[in-house]
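Accompanying notes for the structure given below.
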Amino acid sequence: MILAAVFYLFAFILLLSGFLVITARNPVHSVLFLILAFFNAAGLFVLLGAEFIAMILVIVYVGAVAVLFLFVVMMLDIDFAHLRKGAMQYVPLGLLVGVILLTELVISVSAWQFNSLSQQNLAVPEIGLNAATNTQALGAVLYTQYVYAFQLAGLILLVAMIGAIVLTHRVRPGVRKQSIESQNARRPEEAMEILKVQSGAGIS
Amino acid sequence: MSEFGFLDFNLVPLLPEVFLALSAMGFLLIGVSFGDEARRVIPWYALLALLMTGVLVSQVSFDDAIVLGGMFKADAYSGFVKLLIIGGVMATLGLSMRYLEQEHIDQMEFYVLVLLASVGMMFMVSAVNLLSLYMALELQSLSLYVLAAFNRQSPRAAEAGVKYFALGGLASGMMLFGISLIYGFTGSLDFGTLTASMMVMQPVPFAVIFGLVFLLAGLAFKLSAAPFHMWTPDVYEGAPTAVTALFAMVPKLAALALLMRILFEPFAYLVPQWEQIIIFLAVMSMIVGAFGAIAQSNIKRLIAYSSIGHIGYALIGVAAASEGGINAVLLHMLIYMAMTAGTFAVIMAMRRGGRSVERIDDLAGLSRSQPILAYALGILMFSMAGVPPFAGFFGKLMIFQAAIGAELYALAIFGVVASVVAAYYYLRIVKVMFFDEAVLMLDLNVLSGPQRFILACSVAFVLFFILSPSAFIDSTQLAAAALFPGR
Amino acid sequence: MSIDREIEMFLAFAWMLGHIIVLIVGVLLGVAYLTYAERKVLGAMQRRQGPMTVGPWGLLQPIADGVKLFSKETIIPSQANKIVFLLAPVILFALALVAWAVIPVDKDWVLANINVGILYLFAISSLGVYGIIMAGWASNSRYAFLGGLRSASQMVSYEVSMGLIIVCVILCTGSLNLQEIVLAPRPIWMQIWLFPMFIVFLISILAECNRAPFDLPEGESEITGGFMVEYSAMTFALFFLGEYANMILMSAMATTLFLGGWLPPFGMWFLDFVPGIVWFGLKTCAILFFFLWARATLPRFRYDQLMRLGWKIFLPLTLLWVVGTAGLLLAFDALP
């Protein structure tokens, strides 16, 4: 019973904050609600017994992605209400698309039956995973059965990184950078000069 | 790895892809460490790497094998398409080197991204699992998004990149939606299991067909088949010409190969269902390709519409749903690729005062200032229009034959009509070159050695294809047969 | 449900609650005397006496400070975003306490012995940045905003290398459970191999806690206190408590990961009679002393130097170490 209560708590806050992400007037509040939503989703994962995914969700999405999100949104000075005004004219079209998708989903889900064939087909991990912890179980399939997809994902991330750098990094001429090596290589003899100055004569 | 004996860890069939990916990473390292010095050599290294990959493909990729937990399949079909992809990418690189220098965007990342995109495309044609299919497709698309916006100085390139990215993301979303529906109702992502399920599940659940429709819509976007073609003209126009050449030649071939693999492997039992969709896409693409191009004044936009039209013809061959149809599609794409390579060599030659120009009117008087270029482009345009005895004619001929063989008479007739309409704008270019008076001359001797070489090869291919068409048709036949084992 | 079972549940609940209270009180006391220790240590290093007036040797000074802060008026800037402004210190403080749930202070003395303890700890510590960013943004002040931005990029940068160091450690121990990490056998070569990572980890937690020499987010001399500039009284006290609790937490984390938690140092089994919590406390204090020592010794980094250290030195180094650790473990067949 406690589990059910906790589930409803997480689920309710998740939905509520998801809704508030879209409706909040202030974009920073939107991002904060998004973070709350992530957090509650992680809670739901814990309830499912998927603690590894829950923690990774928090670390990756909340701890890294959303921080950058917040970072950017905070620095932008955008009047979202103004932007939204222009977007309003597309609402009927968007609603239409949404309704169509919803109908399709309803139709297909209503026809859904878990027939024996698809049950057979379901990819059952072939290692004795029930005994292992969540993390071991994931690792055991990720690095064997899905190693190909895993490596492809790595390549995709590499491309994303190269792309981000290519499109944003620019070499500005005339920027003075600190060169630690040359600083350390500097010796007093070449940096200083000791002069005997006669009083009143000054240095030219 | 005896512990995981259920897996086939044989990496030999992947050797070409692994080699290419590793060389791309190696070039990245070289480029980052040596900076400007590396800029001159990396294009040649990249060509060499592609050549070696091609050799590897011819050695290992044609033997049937399914490895890595049923994610990757090598067979004659994928091997042949991979060779085509490598050829297309090599042609692009040959075309690009001088162009990138002229436009001051000759960074080594270009070559790395092109190589990684080719790795993605090679994985695409070997995908026999919806998961690996999606991952490979994303690898390819992501590289191409970046390439489209590669010229940072140009706002139009940025626009092209953003447009391509946003719409491509939407298409990926649709594909994922479709894939999840298919997975939900069959419980599998594996093509083999899906085939078996489709055979048993009769009638096939409504939602699986729904999923297939979404999957096809996503792929049609990558193919730029109408009505999912909106991005094509803008991206072709905005992207640097070298990138446009790549877009026009290679990714569509990979996407088409992937489409055919999906339609003829897991969904081979749903032919009546998907045939209508393909016919619709084919007809729409031919209409858009033929009529959209008429009003264009920019040659890159014109090529974009022309490519939409050619995809339409190719889809006729797919709709025929026969071995002959696939054979025709592969041949058609091979010929289209060869013609496009030459066309882009000429487009890259269009410079005035050191700046590239792209209007069709800029070609006026070319027959007097640079007659060789003019005749080359003339031959290519005749071939694109499908005028015998040039190569382009044979591709279309085989496709229409396949359509008639499958009793799709209306579609075949429609295809012929569309190519007659399309002939108008191809011939208009010839008219501009030979009969219009030039106001301003184009620069002379713009093309580099590799560019001339590619132009010469392309024109020679188009001219002399008729002498021994069987040399090509035999290999496409072999590849097509691999999709129809035991049938 | 029988009455016995209800009583049992109640007892379990009460035990849990008592445990939590003990832990929280312990941490808060620790925080209070950490501030005292800081002033004393800094004083000693600068040949001063530090606080001496309140109580014997100034021992009651933190209490007096606390009372002062609690009795002041909380000022909220009129242009501030009130809810976020008030939420920020609460979040920071709450997070610093919540993380203690998984820290094993002695054998089997841990509130929640979960399988993914180290990930939980890492997740919670990566959330700390929100308190600071929110404070910086909600204050509606340039100094505070700059401080918030600095802190966000700094913490994100150093989290990367911290995560990779943690990967090194869990490669060697083969578990994400903190108790098992402490108990995992560590041959000498492994300790030597991990020692450089321990140093990098120490430096990273300095940055993670915004402590000198990485205290740019506060940077009194340039941005007058950074994200805390608009905070006063209670809210300021919460920030203060949160930051120091975070320091203790990070020290406890380093103790658990590298120094063998509650076990006697250097495998001296004859010291087993001493309760584990004493060892745990001593080790944590040693690392806390390092915090104070660094503050008394080192000048503040410049911002580009900080970023350079994080991205160009620590990131490649730790990445290399992860690969090296995996390779070594495979080569010596020492995979846990």
Side-chain angles (χ1 to χ4, degrees), chain A residues 94 97-98 100-129 132 136-137 139-172, chain B residues 1 3-4 6-7 9 14 18 21 24-25 28 67-72 107 109-110 112-113 116-117 119-120 123 129 131-132 134-136 138-140 142-143 145-147 149-150 152 158 161 177 181 183-190 193-194 196-197 200-201 205-208 210-211 214:
Chain A
V97 173
I100 291 174
L101 275 182
L102 184 70
T103 338
E104 283 174 359
L105 268 181
V106 167
I107 292 172
S108 43
V109 167
S110 60
W112 193 72
Q113 49 198 353
F114 208 64
N115 58 24
S116 54
L117 185 72
S118 38
Q119 201 148 23
Q120 252 174 41
N121 286 341
L122 274 181
V124 182
E126 305 191 15
I127 314 157
L129 294 178
Q136 281 168 321
V141 259
L142 197 58
Y143 296 108
T144 58
Q145 203 171 346
Y146 295 103
V147 69
Y148 177 72
F150 183 74
Q151 292 291 344
L152 271 185
L155 273 183
I156 293 174
L157 290 180
L158 176 69
V159 168
M161 194 171 79
I162 299 174
I165 294 174
V166 164
L167 294 182
T168 54
H169 178 75
R170 68 188 77 193
V171 185
R172 287 198 202 88
Chain B
M1 284 279 165
E3 211 179 321
F4 308 112
F6 63 93
L7 265 181
F9 266 109
L14 271 89
V18 171
M25 292 179 218
L28 188 65
V67 291
L68 289 175
M71 294 260 182
F72 182 94
Q107 297 167 14
E109 286 93 346
F110 177 85
V112 174
L113 285 171
L116 285 172
V119 173
F123 278 137
N129 185 307
L131 182 64
S132 58
Y134 179 73
M135 301 297 276
E138 279 306 284
L139 176 58
Q140 179 246 192
L142 204 57
S143 318
Y145 300 149
V146 179
L147 283 173
F150 200 75
R152 279 208 322 240
F177 186 56
L181 278 178
Y183 181 66
F185 279 82
T186 58
S188 178
L189 294 170
D190 183 69
T193 322
L194 279 176
S197 310
V200 181
M201 273 186 192
F206 193 40
V208 173
F210 248 68
F214 274 102

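The structure displayed is predicted, hence computed values, not measured ones. So you know, we letter chains A, B, ... as the sequences are listed, proteins then strands, and number each from 1.
- With a threshold of 4.5 angstrom between heavy atoms, B:V119 approaches chain A through side-chain atoms but not through N, CA, C or O.
- Atom CZ of B:F123 sits about 15.0 Å away from atom CD of B:E138, to the nearest 0.5 Å.
- Atoms CZ and CG, on B:F72 and B:L14 in that order, are 4.0 Å from each other to the nearest 0.5 Å.
- Neither the backbone nor the side chain of B:L189 has a heavy atom closer than 4.5 Å to any heavy atom of chain A.
- For B:F177, the part lying under 4.5 angstrom from a heavy atom of chain A is the side chain only.
- Per-residue counts of heavy-atom pairs under 4.5 Å with chain A were compared for B:M25, B:Q140, B:M71; the largest is that of B:M71.
- Going from atom OG1 of B:T186 over to atom CG of B:L194 covers 4.5 Å, rounded to the nearest 0.5 Å.
- With a threshold of 4.5 angstrom between heavy atoms, A:L158 approaches chain B through side-chain atoms but not through N, CA, C or O.
- Of the inter-residue distances, the one linking B:E109 atom CD with B:F150 atom CZ reads 5.5 Å to the nearest 0.5 angstrom.
- Only the side chain of B:L131 comes within contact range of chain A, judged by heavy atoms closer than 4.5 Å.
- Within the 4.5 angstrom heavy-atom criterion, only side-chain atoms of B:L28, from C-beta onward, approach chain A.
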Legend entry - Stepwise side chain to side chain contact (heavy atoms under 4.5 Å, CB included) test for A:I162 and B:V146: CA-CA 9 Å; A:I162 299 174; B:V146 179; over 6 Å; no
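- For chain B, the nearby parts of A:L155 are the backbone and the side chain; heavy atoms of each come within less than 4.5 Å.
- A donor-acceptor distance shorter than 3.5 angstrom exists from the side chain of B:S143 to the backbone of B:L139, with no hydrogens or angles considered.
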